[in-house]
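Take a look at the structure set out below.
Each chain gets a letter, A, B and so on, in the order its sequence line appears, and its residues count up from 1.
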Amino acid sequence: MKALFGIATVNRRDAANHALQAESQGWKKQKRQQWFSLLLAGLASALVALLIVFALVPQWIAPYSPTAMMTDRILQPPGTANWLGTDYFGRDILSLVIYGTRVSLLIGFSSVLAGVLAGGILGALAGYAGGWTDTIIMRMMDILMTIPGVLLALAIAAALGPGLPNIVLAIAAASIPGYARVMRGGIVGLRTRGYIESARALGASNWHVIRRHILPNAVSPVLVMATIGLGSSILTGAGLSFLGLGTVSEIPDWGALLSQGRGYLTVAWWICTFPGLAITSFVLAVNLIGDELRDRLDPRVGA
Amino acid sequence: MLRLAGIRIISSLLVVLGSLILVFAIFYLLPGDPVLSMIDPTYATAEMIQNLRVQLGLDQPFYIQFWHYLSGILRGDFGVSMLNSEPVLPKILAHFPATLMLTLTSTLIAAVIGVILGVLSAVHRNGWIDVLARIIGLFGISMPTFWSGILLILIFSIQLGWFPAMGSDGWQTLVLPSIALGIVGAGFIIRMVRTSMLEVIHEPFITTLRAKGISERVIMYRHALRNALIPVVTVVGMQLGEMLAGTVVIETVFSRQGIGRILADAIMGRDIPVVQGVVFFTAIVYVLINLIVDLSYAYIDPRIRRST
């Protein structure tokens, strides 16, 4: 009997070795790919961290005040005194972009937070309770999804009028159904798992089961979606600002800055170019991080 | 097939009704008085404001206002503009062809670039074309359209003078806005096709084909691609809807005529009937597109046809 086991083990080991040799080439390549995508995600995280610093303490970094109008330097192209040039009021574009980070990021982060919280709670409720609660919540989500996200955010922002809280509310509301669906999907998949039933059989309360067993397992797809959602929230926010529904303040955010520069395209390309570059690089970084998170947390798609 | 179509059409009608309630509720429930945005409260007396409110029917309860709106819509009456009393629907219909044209050309660009690069990217996985396609895909979904539009104007209109920067007459004016809008869709489609294709390549029937000794080219383009394209039809349909919404920004950037531009102007002027009208009209078109996509999906994939 023992010998039989021995042979079986040896055979399995042989097979494994063969497979390893054959795979070795591809494996090395894959390993290199993984390192590369990790490096990209690292760079992206560094960029996001840098922009967060910009948002927190712009006065330490920006060379000029964003409201300082240098009347002797109107519409200067990028140069040594003003790295990214000046606008038609003689304001320094670099300083405007750095100060604009605060409102742009604030819109993105707070609308994702609000959307994830509301969508997550609704989705969790629907998935865990099932029955009528599920039907009513999810049909409401379906109705919210009948209008393309951007348009819904636009309609809500138009009804509420310009202002930071209004913009955040509009973007968050438009993103709720997406988060709710993902959360519900995760929870419905978990509800019937053995360990959940065991916990319940041991007399655990609903709240205990949700907090200790369901949420920790359902949270990762929502986290991935929230990261990618941050990018699209920033884009929607900038778009609303661009259309004039943004915050009303002396320091424009990136979208508003772009919209102000539009009238000067033929004479000053730099006013529009750099705020747009800031938006794109932030969203690009967030998407890279989101892709990496998805590959790590959600192994189903071996992309 | 007929039964399936019937079910889908009825559920689409329900969805349209749902979106109508939503559009109406947004402007009814949210704070902000439309009357106060029409007249300057510093000059108007409380009586004048009240009179205007009665005249517009805004003093009625929610369900009566909604009923008025709904019965109007059923008669093809989307209300009149608060700014110049122009009827909303004829204005939308007059400007819709330009927007539809822009949406279709953008979707075409997105679908062609997206499918070609997505497939090549999956077939030559980890090769240079894969890297290139992934970079284009990532940039596509990360760039705001108003920025890529402005960059296109800077390069191709102002610097090179190849295409006009604004206007909506002639095909030349369509090129830059379609590209600006199409890049975003291409980004989504590249990523979707790539993932879908990679999933199909790992399925057992592909292994079987390989074991039979069929050439890799035939396996990829005859067998894998056909299966991978099924989910792509849905994504292209969804992108068509997103692009329709995206015209609000793009038509503003390129100063084009269209319903997106009407919406942007109406938002600026807080002209609520026009905003409601355009959003609802777009929702109808969006639902209609999804219906067509759903039905064509069933047509392409026999498994779906048989399941109902």
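Among all heavy-atom pairs drawn from A:L265 and B:L154, the shortest one is O-CD2, 3.7 Å. Considering every non-hydrogen atom in both B:G18 and A:I143, the closest pair reads O-CG2, 3.4 Å. In terms of heavy-atom proximity, B:E242 sits nearest to A:P148 at OE2-CB, 4.1 Å. Nearest heavy atoms, B:S142 versus A:L235: O-CD2, 3.7 Å.
Atom-to-atom distance recorded for A:S281:OG and B:F139:CZ is 8.5 Å, nearest 0.5 angstrom.
For chain A, the nearby part of B:I153 is the side chain; its heavy atoms alone come within less than 4.5 Å. For B:M143, the parts lying near chain A are the backbone and the side chain together; criterion is any non-hydrogen pair under 4.5 Å. Interface remark: A:M145 contributes backbone atoms only to the contact with chain B (heavy atom separation under 4.5 Å). Looking at B:F280, there are no atoms closer than 4.5 Å to chain A (heavy atoms on both sides), in backbone or side chain. Heavy atoms closer than 4.5 Å to chain A are found nowhere in B:V16, neither backbone nor side chain. Of the two parts of A:D291, only the side chain, counted from C-beta on, holds a non-hydrogen atom closer than 4.5 Å to a non-hydrogen atom of chain B. When heavy atoms are compared at a cutoff of 4.5 Å, B:L17 does not approach chain A at all. Both the backbone and the side chain of A:L277 come within contact range of chain B, judged by heavy atoms closer than 4.5 Å.
The greatest number of non-hydrogen atom pairs below 4.5 Å with chain B, out of A:T236, A:V150, A:N166, A:I279, is found for A:I279. Interface remark: of the candidates B:A283, B:G241, B:P144, B:P144 forms the most heavy-atom pairs closer than 4.5 Å to chain A. Comparing A:V283, A:L243, A:T280, A:L152 by heavy-atom pairs within less than 4.5 Å of chain B, the highest count is held by A:T280.
A side-chain donor-acceptor contact under 3.5 Å links B:W147 to the backbone of A:T273.
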